[in-house]
Amino acid sequence: MTASALLDVLTCEEIDTLAEACTGAGCPALLTLSVAGRVDLTPSHPMDREIMEAFNAHQRRSGLLGPDSVTAACEAFSERGATVRLNPSPWRLGPAEAALTAQWLRGWVGAAVEQRPELKERAERYLRERLEACEAGELTVLVHHTDLLALSRPTGGAA
């Protein structure tokens with residue numbers, strides 16, 4: 001079973017169901033590009049951390065696991081006997097990816113403001129400054145993600 005950018009939009013119960021289904025069938029699972037809850041922007045800005053924390057809270061809304069999903073999935077698969085391997089898979093966005101970086105920035109800041117509306121005015125200034133730096137080729141972004149591979153053996157039968 002393979003999926004990309006899935007784990008962080010699941011609840012704990014949904015991850016348990018996924019792990020049970022995969023391990024019960026002896027099916028390997030490759031779950032890629034799960035948010036890790038960390039973003040590094042260069043040059044740094046005083047609001048980077050505040051925006052990141054508001055974004056992470058947005059990812060955890062309504063019982064979703066967001067940046068806690070990889071840990072939960074690792075535990076769910078491991079508890080069911082799977083061998084789990086984790087690998088970092090960061091997005092590295094620089095001047096060559098300026099259009100993608102600008103789109104990512106708008107979504108990242110937008111989610112932060114949706115979670116914390118009181119940030120709106122300051123976040124608009126922050127976004128404007130970040131987009132200007134992006135357009136000038138002066139901004140690089142490292143968006144941390146984690147890939148998870150869970151290897152299961154079939155239960156109740158020959159291996």
Side-chain angles (χ1 to χ4, degrees), residues 1-42 44-45 47-116 119 123 127 130 134 139-159:
M1 194 280 301
T2 62
S4 181
L6 173 68
L7 286 179
D8 42 283
V9 297
L10 297 178
T11 65
C12 192
E13 294 78 22
E14 291 166 334
I15 286 178
D16 282 341
T17 300
L18 175 65
E20 184 64 37
C22 291
T23 58
C27 174
L30 177 60
L31 302 153
T32 63
L33 288 176
S34 297
V35 296
R38 287 185 18 245
V39 175
D40 299 316
L41 295 98
T42 305
S44 63
H45 185 284
M47 275 195 77
D48 288 347
R49 184 166 194 83
E50 189 173 12
I51 296 292
M52 182 177 64
E53 288 171 357
F55 175 83
N56 288 341
H58 184 270
Q59 292 288 288
R60 291 181 179 111
R61 73 196 182 286
S62 304
L64 302 178
L65 290 172
D68 305 318
S69 64
V70 171
T71 300
C74 189
E75 290 171 2
F77 278 98
S78 295
E79 287 170 359
R80 290 165 175 83
T83 300
V84 179
R85 290 193 169 73
L86 302 176
N87 256 359
S89 58
W91 286 354
R92 299 175 194 281
L93 305 173
E97 298 81 24
L100 177 59
T101 304
Q103 212 40 37
W104 173 84
L105 275 165
R106 287 182 186 97
W108 190 58
V109 173
V113 170
E114 185 178 314
Q115 182 66 29
R116 292 194 43 214
L119 290 176
L127 179 59
R130 286 311 205 174
C134 181
L139 181 67
T140 61
V141 181
L142 188 64
V143 184
H144 295 272
H145 291 87
T146 304
D147 295 346
L148 180 148
L149 174 65
L151 301 172
S152 304
R153 298 178 64 91
T155 57

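All residue numbers in this chain count up from 1 along the given sequence.
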Val39 vs Val141, side chain to side chain contact (heavy atoms under 4.5 Å, CB included): CA-CA, chis, key distance, verdict: CA-CA 7 Å; Val39 175; Val141 181; 3.9 Å; yes

Nearest-0.5 Å distance that lies between atom NE2 in His144 and atom CZ in Arg38: 4.0 Å

Over all atoms of both residues, closest heavy-atom pair of Leu7 and Ser34: CB-OG, 3.4 Å

For Ala98 against Cys134, the heavy-atom pair lying closest together: O-SG, 3.3 Å

Inter-residue atom distance Arg116.CZ - His58.NE2, 0.5 Å rounding: 13.5 Å

Any donor-acceptor N/O pair, Asp40 side chain to Leu142 backbone, under 3.5 Å: no

Heavy-atom closest contact (Pro67 atom, Gln59 atom, distance): CD-CB, 3.8 Å

List, one per line, each side-chain donor-acceptor pair under 3.5 Å for residues 71-78, sequence neighbours excluded.
| from | atom 1 | to | atom 2 | distance (Å) |
| --- | --- | --- | --- | --- |
| Ser78 | OG | Cys74 | O | 2.8 |

Smallest separation among heavy atoms of Asp8 and Val35, with atom names: OD1-N, 3.3 Å

For Pro90 against Pro88, the heavy-atom pair lying closest together: CD-C, 3.6 Å

CG on Asp147 to CG on Leu33, rounded to 0.5 Å: 5.5 Å

Within-4.5 Å side-chain heavy-atom neighbours: Arg80 and Ser152: no

Heavy-atom closest pair, residues Asp48 and Ser44: OD2-CA, 3.4 Å

Side chains of Ile15 and Ser69 in contact at under 4.5 Å (non-hydrogen atoms): yes

Reported CD-to-OG1 distance for the pair Glu97 and Thr140, which is rounded to 0.5 angstrom: 10.5 Å

Test item: Asn87 and Thr146 side chains (from C-beta on) under 4.5 Å apart, heavy atoms: no

Pairwise distance CG(Asp16) to CD(Glu79) - rounded to 0.5 angstrom: 7.5 Å

Approximate separation, where rounding is to 0.5 Å, of Leu151 CG and Cys27 SG: 10.5 Å

pair Ile51-His45: side-chain heavy atoms closer than 4.5 Å: no

CZ/Arg61: more than 12 non-hydrogen atoms of other groups inside 6.0 Å: yes

Residue Trp91 excluded, over 12 heavy atoms near CH2 under 6.0 Å: no

Side chains of Arg60 and Leu65 in contact at under 4.5 Å (non-hydrogen atoms): no

Side-chain heavy-atom pair Ser4, Leu30 within 4.5 angstrom cut-off: no

Flag side-chain contact, heavy atom, 4.5 Å: Thr101 against Arg130: no

Student check: side-chain heavy atoms of Leu31 and Leu18 closer than 4.5 Å: yes

Main-chain N/O of Thr11 paired to Glu14 side chain as donor or acceptor, under 3.5 Å: yes

